[in-house]
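Below: the structure, in structure tokens.
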Amino acid sequence: MINKARQGVEMGYFASLLALTLITFYTPYFVFMGIYLRSLSPSLIFALVLIFVPVIVGQSIRLRLFAQVEDDIAPARREMEYYEKAICDHDYFKETRLLGVFNYFIKLYRDAIVLVNKKTMSAEMRHVRIDLMLRIFTIVGYVGILIMLIRDLLTGHISAGAFAAVFASVGTMYGLAEEVFGGFMSRITRYAATIRNYQKFMDLPERTGKPGVFD
């Protein structure tokens, strides 16, 4: 638990920086775009829904996957760090060589790496399959947005200039949504798994009793 908590401390710092960027730049952009689309045609507000829903669902699934993986690989990663110390750390290196167990620790170290990589790759492959299905839904949503734009243009709800502006901005919104949820949120979800371990460690109840007295 201490090992997992230390990982959470480091990842919490980077997650905070990413969250600050999301709050100060991306959130205002999508809020203003939503207001603009709503002013043109109320139906166009669904464009943001069609853009965000598949990406949000995908990242939620990714969070659960990597939270489970983090719990599974934590013991193996702890072993790997210990074997690494036994192989090359200044405090253990001499004993490892003198006792002739260098190759033994090398083998254990490699086995731990293989186990960690195998579990991580398995989670990645599951996420890729799910992400593929969600991207198909995203393409359908993109077509739906174009249909709404053409309908509003033909019925006179929006002008040709507004049609061109929204049509051009849809691609930008998709790109930023992918950047936010595929890049920023993807990293934050991976960090969140380790941050949650840190929170669990900090929430552990303290030992009660008189100072210096152990149960």
Side-chain angles (χ1 to χ4, degrees), residues 1-22 54-138 177-207 214-215:
M1 293 187 70
I2 292 175
N3 178 262
K4 292 192 290 185
R6 286 173 178 164
Q7 293 283 329
V9 172
E10 296 176 6
M11 296 303 102
Y13 170 74
F14 295 111
S16 298
L17 294 179
L18 294 177
L20 184 62
T21 303
L22 291 175
V55 186
I56 292 174
V57 171
Q59 293 307 317
S60 298
I61 295 173
R62 183 184 178 91
L63 173 59
R64 289 196 296 270
L65 285 176
F66 281 98
Q68 181 61 47
V69 169
E70 181 63 26
D71 290 337
D72 292 341
I73 68 175
R77 188 177 62 230
R78 179 69 184 89
E79 292 177 6
M80 186 174 66
E81 292 175 357
Y82 174 78
Y83 300 146
E84 183 179 356
K85 288 182 179 179
I87 292 170
C88 58
D89 192 88
H90 180 269
D91 295 331
Y92 301 95
F93 178 78
K94 290 189 295 182
E95 286 76 9
T96 300
R97 287 292 189 175
L98 288 173
L99 295 174
V101 292
F102 180 80
N103 291 329
Y104 172 73
F105 279 118
I106 283 288
K107 181 181 182 303
L108 293 177
Y109 181 69
R110 289 173 177 169
D111 291 343
I113 289 178
V114 170
L115 178 61
V116 170
N117 290 341
K118 182 179 178 180
K119 289 184 176 293
T120 304
M121 181 60 68
S122 176
E124 287 284 3
M125 292 302 297
R126 289 173 61 190
H127 179 261
V128 166
R129 289 192 293 268
I130 295 170
D131 188 60
L132 178 61
M133 292 185 291
L134 291 172
R135 285 183 182 276
I136 294 174
F137 182 80
T138 300
E178 284 289 336
E179 186 177 315
V180 170
F181 291 97
F184 284 84
M185 293 303 295
S186 175
R187 282 180 284 174
I188 288 177
T189 52
R190 297 197 66 173
Y191 296 161
T194 57
I195 295 171
R196 187 170 60 180
N197 292 327
Y198 168 73
Q199 292 175 331
K200 288 181 180 179
F201 180 79
M202 296 301 294
D203 290 337
L204 287 176
E206 295 186 9
R207 180 182 58 83
F214 296 92
D215 296 332

Minimum side-chain heavy-atom gap Leu108-Glu79 below 4.5 Å: no
Could you tabulate the donor-acceptor pairs under 3.5 Å formed by side-chain atoms of residues 98-107, not counting sequence neighbours?
{"residue": "Lys107", "atom": "NZ", "partner": "Asp111", "partner atom": "OD2", "Å": "3.0"}

Inter-residue atom distance Ile87.CD1 - Tyr82.OH, 0.5 Å rounding: 11.0 Å
From CE (Met80) to OH (Tyr109), nearest 0.5 Å: 5.5 Å
Among Val116, Leu115, Asn117, side chain to side chain contact (heavy atoms under 4.5 Å, CB included) partner for Lys119: Leu115
Minimum heavy-atom distance between Ala76 and Ala112, given as atom pair plus value: O-CB, 3.9 Å
